[in-house]
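Any value given below was found using the heavy atoms of this structure, including those in side chains, with hydrogens, waters and symmetry copies removed. In this text the structure is predicted, and so the values were computed from the model without any measurement.
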Amino acid sequence: MKLYRRLSFGRCGSMKTAQRIRELPPYLFAEIDKKIAKAKAAGVDVINLGIGDPDRPTPPHIVERLQRAVEDPKTHRYPVYEGTLAFRQAVANWYQRLHQVEVDPINEVVALIGSKEGLAHISLCYVDPGDINLIPDPGYPAYSIGTMLAGGEMYRMPLLASNGFLPDFSNIPQDVAKRAKLMFLNYPNNPTGAVAPEEFYADAVAFAQKYDIIICHDAAYSEVAFDGYRPLSFLKIEGAKKVGIEFHSLSKTYNMTGWRLGWAAGNPEVIEALARVKSNIDSGVFSAVQVAGVEALSGSQDSVAKMQEVYQERRDLVVEGLRDLGWDIEKPRAAIYVWVPVPPEYSATEFATVVLEKAGVVVTPGIGYGQYGEGFVRISLCVEKERIVTALERLKNARITYR
Ligand SMILES: *Cc1c(COP(=O)(O)O)cnc(C)c1O
């Protein structure tokens, strides 16, 4: 049975797609997906360390709250487009409680259908053809795709190991900075697992003020951190609210990726612009899901501590296992990924192919996140530890090591 739609590059019968669609990059994991399907068909018990999607279920108190909310016919009608006041108030209280940040629930918060949606739509608010967005490379694809769909151009800010996977603003040419509209940042970072110190955000705010750039900080992993480390909210930095917004999501914090609920918070003009675009396109998040979101943000946070414990244990297994195989890598302090350099004789894609074919283990080639992801693979922590142990044993037996 064919499970995937055929990819059409440019044409579907005689119907020619728009230029903006034709410019979308080809799906970089298509080759690997084919090989995974082939291995599975041959009976290989494939261990997928490629998926960045929490494997544990949503905490039961949140599920139960949805069940009750869905019984209420009031939730069956069109939602409040910008998010119910109860949800936006819960977001404001959450910011206050967890990050000591003040946001006005009415003017400074908008609900999103998952943060990916907002990250992709924000470019429609600010980018005209010829404008530039500053994009981290490697990075989450929604930043660049949103830019392209708006007709904008990209300047890729390399995230290099030598700079702690932080962009170096002093390397951005002045003429580029002057034409730039948005700068996307994401810490804790997908795919590198890097975190950002307060001074970095302060530099980013100063750079944004100097060149009149809007910062879009993607904080999807702010609550997934280890060893007692607490990632900062961008909005806590002095002046941040003057120059930017922060995107957030319930997906990773509460194992709610399938529910599609997130928010953006910060500068009221930017929030208004995003809400205006969205109200004309999507009409908002199902009200019952927002009710459950209030429960997630306001109810017991015990599940969050448990989630952190689970990932920390898996992270330790992966990193210590790879060290035994010759890798010299550090433990990431946050997010759900280990960013692993590939042995020098391989490209990222070649190495991922070897790991799949010799060990039946899927890892994601870093090149899929941008050209500066070459030389790395991403290992995700979204499988139970028994599977991680088996995956590492298989690497060892296949003599896959770092030399
Ligand atoms: C998972 C993830 C998100 C969250 O996406 P949702 O649409 O909220 O599920 C956003 N940014 C990054 C970098 C992510 O990895």
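Distance alone, capped at 3.5 Å, is enough to place a donor-acceptor pair between the Asn267 side chain and the Glu269 backbone. Side-chain N or O atoms of Asp203 include none that pairs as donor or acceptor with a backbone N or O of Val205 at under 3.5 Å. Looking only at distances, no side-chain donor or acceptor of Asp227 sits under 3.5 Å from a matching main-chain atom of Tyr229.
A salt bridge does not link Glu102 to Lys241: none of the charged nitrogens lies less than 4.0 Å from a carboxylate oxygen. A salt bridge links Asp45 with Arg394; the closest basic N to acidic carboxylate O contact falls under 4.0 Å. Electrostatic pairing of Asp316 and Lys385 does not count as a salt bridge here, judged by no charged N lying under 4.0 Å from a carboxylate O. Ion pairing between Asp55 and Arg314 holds under the 4.0 Å rule for side-chain N and carboxylate O. With respect to the salt-bridge test (charged N to carboxylate O, under 4.0 angstrom), the residues Glu384 and Arg56 qualify.
At most 12 non-hydrogen atoms from other residues, nucleotides or ligands lie less than 6.0 angstrom from CD of Glu198. Atom CD of Gln209 has more than 12 heavy atoms from other residues, nucleotides or ligands within 6.0 Å. In the displayed structure, Asp53 atom CG is contacted under 6.0 Å by more than 12 heavy atoms of other residues, nucleotides or ligands. Atom CZ of Arg20 sits in a sparse spot, with 12 or fewer heavy atoms from other residues, nucleotides or ligands closer than 6.0 Å. Summarising the local packing, CG of Asp328 is surrounded by 12 or fewer heavy atoms from other residues, nucleotides or ligands at distances under 6.0 Å. Within a 6.0 Å sphere centred on NZ of Lys181, heavy atoms belonging to other residues, nucleotides or ligands number more than 12. Within 6.0 Å of atom CD in Gln100, more than 12 heavy atoms from other residues, nucleotides or ligands are found, so the atom counts as buried in its surroundings.
Using a 4.5 Å heavy-atom cutoff, the side chains of Tyr311 and Pro54 are in contact. In this structure, the side chains of Cys125 and Leu274 come closer than 4.5 Å at one or more pairs of heavy atoms. Between Leu112 and Leu119 there is no side-chain heavy-atom pair separated by less than 4.5 Å. At a threshold of 4.5 Å between non-hydrogen side-chain atoms, the residues Pro59 and Asp302 do not count as touching. Using a 4.5 Å cut-off on side-chain heavy atoms (C-beta onward), Leu185 and Pro167 make contact. Using a 4.5 Å heavy-atom threshold, the side chains of Tyr143 and Asp218 count as touching. In this structure, the side chains of Phe376 and Pro138 stay at 4.5 Å or more apart for every pair of heavy atoms. Contact of the Ser347 side chain with the Val342 side chain is not registered, since no non-hydrogen atoms from C-beta on lie closer than 4.5 Å.
For the atom pair Ile400 CD1 and Leu325 CG, the distance stands at 9.0 Å (nearest 0.5 Å). The distance from the CG atom of Asn190 to the CZ atom of Arg378 is 5.0 Å, given to the nearest 0.5 Å. Atom OG1 in Thr257 sits 7.5 Å away from atom CG in Asn255 (nearest 0.5 Å). Rounded to the nearest 0.5 angstrom, Arg260 CZ and Glu117 CD are separated by 8.5 Å. A distance of 4.5 Å separates NZ in Lys278 from CD1 in Ile113, rounded to the nearest 0.5 Å. Interatomic distance, Leu160 CG to Asp137 CG, rounded to the nearest 0.5 Å: 9.5 Å.
Classified by interplanar angle (parallel below 30°, tilted 30° to 60°, perpendicular above 60°), the ring pair Phe234/His217 is tilted. Note: Tyr211 and Phe207 have tilted aromatic rings, judged against thresholds of 30 and 60 degrees for the angle between ring planes.
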Worksheet item: When you look at Glu320 and Lys331, which way does the side-chain contact (heavy atoms from CB on, under 4.5 Å) test go after all the steps?
Response: CA-CA 9 Å; Glu320 285 159 20; Lys331 292 183 176 178; 2.7 Å; yes

Item to complete: Dump the intermediate steps for side-chain contact (heavy atoms from CB on, under 4.5 Å) on Glu345 and Glu350, then the final yes or no.
Response: CA-CA 9 Å; Glu345 65 269 32; Glu350 284 164 358; over 6 Å; no

Item to complete: For the pair Arg68 and Glu71, evaluate side-chain contact (heavy atoms from CB on, under 4.5 Å) and give the outcome as yes or no after the intermediate values.
Response: CA-CA 5 Å; Arg68 272 187 287 136; Glu71 302 269 354; 5.5 Å; no

Discussion item. Determine whether Tyr337 and Tyr221 satisfy the following criterion, ring pair (Phe, Tyr, Trp, His ring centres under 6.0 Å), listing intermediate values before the conclusion.
Written reply: CA-CA 11 Å; Tyr337 310 105; Tyr221 296 97; 5.7 Å; yes

Practice prompt. With side-chain contact (heavy atoms from CB on, under 4.5 Å) as the test, would you mind laying out the steps for Ser222 and His99 before giving the verdict?
Written response: CA-CA 10 Å; Ser222 76; His99 292 281; 4.1 Å; yes

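Looking only at atom types and distance, the side chain of Asn107 has no donor-acceptor partner in the side chain of Glu272 under 3.5 Å away. If you check the side chains of Tyr254 and Gln301, you find a donor sitting under 3.5 Å from an acceptor.
With Trp263 as reference, Leu250 is the one residue of Ile245, Ile271, Leu250, Val103 to meet the side chain to side chain contact (heavy atoms under 4.5 Å, CB included) rule.
Nearest heavy-atom pair, Pro341 versus Ile329, reported as atom, atom and distance to 0.1 Å: CD-CG2, 3.7 Å. Closest heavy-atom contact between Arg276 and Asn280: O-ND2, 2.8 Å.
Taking the six-membered ring for Trp and the full ring otherwise, the centers of Tyr187 and Phe200 sit less than 6.0 Å from each other. Separation of the Tyr140 and Phe247 ring centroids does not fall under the 6.0 Å cut-off. Checked against a 6.0 Å centroid threshold, the rings of Tyr372 and Phe165 do not count as neighbours.
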Side chains of residues 87-98: which donor-acceptor pairs under 3.5 Å do they make with residues two or more places apart or in other chains?
residue, atom, partner, partner atom, Å
Arg88, NE, Gly83, O, 3.0
Arg88, NH1, Pro105, O, 3.3
Arg88, NH1, Ile106, O, 3.2
Arg88, NH2, Gly83, O, 3.4
Gln89, NE2, Asn93, OD1, 3.1
Tyr95, OH, Glu246, OE1, 2.8
Arg97, NH2, Leu297, O, 2.8

When the side chains of residues 283-295 are checked against the rest of the protein, which donor-acceptor pairs come out under 3.5 Å, sequence neighbours left out?
residue, atom, partner, partner atom, Å
Gln290, OE1, Thr84, N, 2.7
Gln290, OE1, Thr84, OG1, 3.4
Gln290, NE2, Val285, O, 2.9

Under 3.5 Å donor-acceptor pairs involving side-chain atoms of residues 351-368, not counting sequence neighbours:
residue, atom, partner, partner atom, Å
Thr353, OG1, Thr349, O, 2.7
Thr364, OG1, Gly50, O, 3.3

